[in-house]
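The chains referred to below are lettered A, B, ... by the order of the sequence lines, with proteins before strands, and numbering in each begins at 1.
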Amino acid sequence: MTVRVRFAPSPTGYLHIGGARTAMYNYLYAKAMGGKYILRIEDTDTERSERKFEISQIEDLKWLGITHDEGPDVGGEFGPYRQSERGHIYKAWGEKLLDAGHAYHCFCTEAELTLKNEIALAEKRDPQYDGKCRDLSKEVVASRQAAGEVAVIRFKAPKKAYAFNDHVRGHVVFPEGMVGDFVIIRANGIPVYNFAVVVDDATMKITHVIRAEEHLPNTLRQLMIYEAFGVTPPEFAHGSLLIGEDRQKLSKRHGATSVNLYKEMHYLPAALLNYLCLLGWSHPDETDVFDVHSLGIMFNLERFTKASAIYDIIKLNFINGQHIHKLPVETVLGEVEKVIPAEHPFHKMDHAWKMNCMTIFREKINLFTEITSQIDVLFSLEVSADAEYIDAKSWETTPKIREYLEIEIANAKAAGKKFVTEEDLNNWSTHVKGELKIKGKQLFMGMRAVLTHQAHGPDLKFIIPLTPIEILEKRIHL
RNA sequence: GCACCCAUCGUCUAGCCCGGCCUAGGACACUGCCUUUUCACGGCGGCGACUGGGGUUCGAAUCCCCAUGGGUGUACCA
């Protein structure tokens with residue numbers, strides 16, 4: 001039997017990182033098992049569903065490299081893949097349940113139900129449906145409908161316990177009486193989530209349902225429906241939940257929780273996936289930095305974590321940095337050019353210079369957006385207010401260095417040099433050491449202070465040859 | 001309220017199923033030292049956890065029970 005898994009988002013907002021993680025797990029499992037990964041759009045909530053969200057979610061999935069084998073945009077033999085287009089299927093399957101006596105029409109009004117719920121709650125009883133319409137005869141139903149009354153279709157919840165084996169949770173038992181008769185098809189004819197999911201998973205031949213723990217209680221209702229249809233349920237794997245620092249389910253107020261935001265912030269999709277993968281699953285080799293797409297058969301359902309995981313952007317940043325550091329310089333340059341402001345002098349430099357620059361600075365960033373402040377040491381004319389810098393500036397040796405360097409730089413410029421070389425820099429320090437008799441901290445810190453007006457920064461032998469000579473000249477006179 | 005799920009360093013986790021190799025391992029963060037000043041990288045260290053209580057056992061992070069804490073669900077949302 002070939003494995004068929006699915007990711008079934010609701011187009012009611014942008015792709016959430018939790019959803020991205022679920023999609024990835026399904027995708028990875030299909031890849032590992034040589035199966036198919038299906039994308040299904042669950043837009044039965046007509047109030048909140050919007051096509052633009054479906055489009056953006058598919059786009060974000062694509063950005064992440066999570067590509068589906070079947071879906072609304074690519075088709076497939078089990079379509080349609082949008083629940084809003086599967087009405088006839090739900091209707092037919094609903095009839096089956098009605099005919100078999102597993103479901104019935106219910107005419108109770110919302111007001112009636114709300115009132116009963118309140119009473120039940122007040123009496124500390126479970127607010128389950130009382131089964132008022134459960135035994136209405138066919139004739140009564142027909143005549144009330146003819147009279148214009150609208151009905152929902154309710155499922156007759158069997159009074160018995162249910163159990164199943166979850167790949168993550170193990171043996172899960174739902175005792176008898178956890179749910180009352182629940183609605184499967186609304187008054188407007190649109191099916192309710194738990195019903196639509198079962199019909200879709202059954203007709204799409206889904207073999208494994210991999211989703212987050214929040215769906216665990218839903219499994220009971222779904223199991224009931226599978227049973228009523230006489231269909232063997234798929235296998236389930238309920239992974240952990242993604243939560244915020246306050247231990248609540250991750251939501252917008254926890255900051256950047258949608259994938260498109262990470263795209264905008266120029267994160268590497270491979271890094272986001274890598275980090276998300278680690279939140280609730282662990283690599284067999286216990287490594288932290290890897291390419292999820294090369295996981296292959298290493299990915300399995302046995303290494304999921306049961307406990308909820310707190311989303312921590314600091315570690316994501318670290319992983320993003322690790323991925324950047326492994327990228328070819330050329331690629332880094334391409335990305336970085338997108339984030340450095342258009343008016344930045346960086347863009348005026350030639351290709352060779354940019355490549356040299358990236359070879360050095362690639363190692364120093366975790367995010368592409370950090371590059372601009374990093375390369376400031378090459379162009380900035382700012383004078384540090386740092387105490388260490390002020391100290392270095394006050395040494396009696398420092399003005400001597402400045403005086404000497406002023407001449408050297410003027411000469412280099414007069415000779416037509418656009419940049420000084422590492423060799424020049426070496427000669428300078430040799431001179432300062434030999435002729436000016438300045439060494440150790442006074443030498444290095446002094447040269448740094450004069451040349452950059454900072455107390456700290458990357459190695460001078462890397463940054464000075466990259467600093468335009470006019471900048472050096474201006475700094476000398478600051 | 002009721003039901004279900006969960007519980008190892010601040011965080012992500014390994015170990016748990018098949019008790020001893022665990023004076024609990026790794027990673028992020030924080031931090032010390034080293035690498036002919038600094039910073040970064042790297043290397044070597046440090047800090048830092050089995051929620052509590054019972055039980056089973058020669059022996060428990062690992063098995064059982066209870067308590068506590070947290071989470072999710074309880075919709076004509078998904």
Side-chain angles (χ1 to χ4, degrees), chain A residues 8-12 42-45 47-49 83 106 108 110 113-114 117 120-128 150-154 166 168-170 172-175 177-180 182-194 196-197 212-221 238 240-241 243 245 247-249 275 278-289 302-303 305-319 322 325 360-361 363-365 374 377 386 388-389 392 439-449 454-460 462:
Chain A
S10 292
T12 54
E42 309 217 321
D43 52 355
T44 52
D45 183 348
E47 297 284 302
R48 300 193 302 146
S49 295
Q83 291 189 327
C106 169
C108 296
E110 226 179 297
L113 262 15
T114 313
N117 275 198
L121 249 16
E123 293 176 358
K124 294 192 192 297
R125 280 186 294 112
D126 242 12
Q128 292 182 359
V150 288
V152 300
I153 297 177
R154 252 178 218 284
D166 190 279
V168 182
R169 314 273 145 196
V172 179
V173 180
F174 297 111
M178 260 182 79
V179 297
F182 54 92
V183 174
I184 54 175
I185 296 183
R186 300 171 168 96
N188 62 9
I190 296 174
V192 156
Y193 171 73
N194 282 302
V197 164
E213 191 193 338
E214 54 185 319
H215 286 290
L216 196 53
N218 284 328
T219 310
L220 171 60
R221 287 181 167 88
H238 288 93
S240 62
L241 221 50
I243 57 180
E245 281 173 275
R247 306 212 140 265
Q248 307 281 305
K249 196 160 89 171
Y275 175 63
L278 252 18
L279 249 30
W281 185 81
S282 65
H283 191 110
D285 295 342
E286 287 190 49
T287 55
D288 273 358
V289 181
E302 314 312 311
R303 298 193 67 82
T305 310
K306 295 179 188 176
S308 308
I310 295 178
Y311 183 77
D312 171 28
I313 199 156
I314 304 288
K315 188 153 188 180
L316 165 62
N317 291 356
F318 164 78
I319 291 187
Q322 295 298 307
H325 303 167
I360 292 155
F361 286 93
E363 298 294 331
K364 302 185 184 305
I365 54 171
Q374 281 291 328
V377 290
D386 186 82
E388 281 186 82
Y389 166 74
K439 53 189 171 184
K441 198 175 182 185
Q442 274 67 32
L443 166 64
F444 290 104
M445 201 77 162
M447 283 187 52
R448 176 179 294 280
Q454 302 291 325
H456 305 292
D459 209 327
L460 284 183
F462 290 136

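Looking at the side chain of Arg169(A), the nearest of the listed nucleotides rU13(B), rC5(B), rA27(B) is rC5(B). The side chain of Phe174(A) lies closest to rC4(B) when the candidates are rA29(B), rU13(B), rC4(B). Taking every side-chain heavy atom of Ile310(A) into account, rU11(B) is the closest of rG15(B), rA40(B), rU11(B). Of the listed nucleotides (rG25(B), rU37(B), rC4(B)), rU37(B) has the atom at the smallest distance from the side chain of Arg448(A).
With sequence neighbours excluded, the residues that form a side chain to side chain contact (heavy atoms under 4.5 Å, CB included) with Gln322(A) are Val289(A), Phe318(A), His325(A). The salt bridge (charged side-chain N to carboxylate O under 4.0 Å, His left out) test applied to Lys364(A) returns no partner, not counting sequence neighbours. Remark: Tyr193(A) engages His215(A) in a ring-ring contact (aromatic ring centres under 6.0 Å, His included) (not counting sequence neighbours). Partners of Asp45(A) by side chain to side chain donor-acceptor pair (under 3.5 Å), not counting sequence neighbours, listed by chain and number: Arg48(A). Under the rule for a side chain to side chain contact (heavy atoms under 4.5 Å, CB included), the partners of Arg186(A) that lie at least two apart in sequence or sit in another chain are Thr44(A), Asn188(A), Ile190(A), Val192(A). By the side chain to side chain contact (heavy atoms under 4.5 Å, CB included) test, Glu302(A) is found to be paired with His167(A), Asn300(A), residues two or more places apart in sequence or in another chain being considered. Remark: Gln83(A) engages Glu42(A), Asp200(A) in a side chain to side chain donor-acceptor pair (under 3.5 Å) (not counting sequence neighbours). Remark: Tyr311(A) engages Tyr275(A) in a ring-ring contact (aromatic ring centres under 6.0 Å, His included) (not counting sequence neighbours). For Thr305(A), there are no side chain to side chain contact (heavy atoms under 4.5 Å, CB included) partners at least two apart in sequence or on another chain.
Counting to the nearest Å, the C1' atom of rC12(B) and the CH2 atom of Trp281(A) are 14 Å from each other. Taking atom CG of residue Leu220(A) and atom P of nucleotide rC2(B), one finds them 19 Å apart after rounding to whole Å. Between Asp166(A) atom CG and rC17(B) atom C1' there is a gap of 15 Å when expressed in whole angstrom units. If you measure from atom CG of Asp459(A) to atom P of rA40(B), you get 13 Å, rounded to the nearest angstrom. Distance Tyr311(A) OH to rU13(B) C1': 17 Å, rounded to the nearest Å. Atom CG of Leu316(A) is separated from atom P of rC12(B) by 15 Å (rounded to the nearest Å). The CD1 atom of Ile313(A) sits 18 Å away from the P atom of rU11(B) (whole-angstrom rounding). When the C1' atom of rC39(B) is taken as reference, atom CD of Glu363(A) falls 15 Å away, rounded to whole Å.
In this structure, rG73(B) and rC2(B) make a Watson-Crick or G-U wobble pair, each of the two defining distances being under 3.5 angstrom. Base pairing of rC41(B) is not made with any nucleotide, judged by Watson-Crick or G-U wobble geometry with both donor-acceptor distances under 3.5 Å. rC22(B) is unpaired under the criterion used here, namely a Watson-Crick or G-U wobble arrangement in which both key atom distances are under 3.5 Å. Nucleotide rU36(B) forms no Watson-Crick or G-U wobble pair with any nucleotide shown, as no partner meets the under 3.5 Å limit on both distances. Base-pair partner of rC28(B): rG10(B) (Watson-Crick or G-U wobble, both distances under 3.5 Å).
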Every protein N/O lying under 3.5 Å from an N/O of nucleotides 47-50 of chain B:
none

Between the protein and nucleotides 61-63 of chain B, which nitrogen or oxygen pairs come in under 3.5 angstrom?
none

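Put simply, Phe318(A) does not rest on the base of rC28(B): the two rings are not both less than 5.5 Å apart at their centres and under 30° in tilt.
OP1 or OP2 of rC6(B) sits under 4.0 Å from a side-chain N or O of Lys306(A). Contact annotation: Ser308(A) does not reach the phosphate of rC6(B) (side-chain N/O to OP1 or OP2, under 4.0 Å).
Nucleotides rC12(B) and rA7(B) have their P atoms positioned 12 Å apart, rounded to a whole Å. Separation of the C1' atoms belonging to rU62(B) and rC50(B) is 10 Å when rounded to the nearest angstrom. Here the separation of rC6(B) from rG45(B), taken at their C1' atoms, is 35 Å to the nearest Å. Taking atom P in both rC22(B) and rG69(B), the straight-line distance is 35 Å, to the nearest Å. Taking atom C1' in both rU72(B) and rC30(B), the straight-line distance is 33 Å, to the nearest Å. Atom P of rC21(B) sits at a distance of 9 Å from the matching atom of rA61(B), rounded to the whole Å. Using atom P as the reference point in both rG15(B) and rC63(B), the two lie 13 Å apart (nearest Å). Taking atom P on both nucleotides, rU68(B) is separated from rC47(B) by 35 Å, rounded to a whole Å.
Using a 4.0 Å heavy-atom criterion, one finds that Thr287(A) contacts no nucleic acid atom at all. Within 4.0 Å of Val173(A), counting heavy atoms only, lie sugar-phosphate atoms of the nucleic acid but no base atom. Looking at heavy-atom distances under 4.0 Å, Gly280(A) makes contact with sugar-phosphate atoms alone, never a base.
Residue Arg247(A) qualifies as open at atom CZ: its count of foreign heavy atoms under 6.0 Å is 12 or below. Heavy-atom contacts from other residues, nucleotides or ligands closer than 6.0 Å to CD of Glu363(A) number more than 12.
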Letter by letter from the 5' end, nucleotides 72-78 of chain B scores (B base, S sugar-phosphate only, - none; protein heavy atoms under 4.0 Å) SS--BBB

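Each of Leu278(A) and Val168(A) was assigned the nucleotide of RNA chain B with the nearest heavy atom; the assignment lying further toward the 5' end belongs to Val168(A).
Annotation: side chain of Val377(A) is in contact with side chain of Phe361(A) (closest heavy-atom distance under 4.5 Å).
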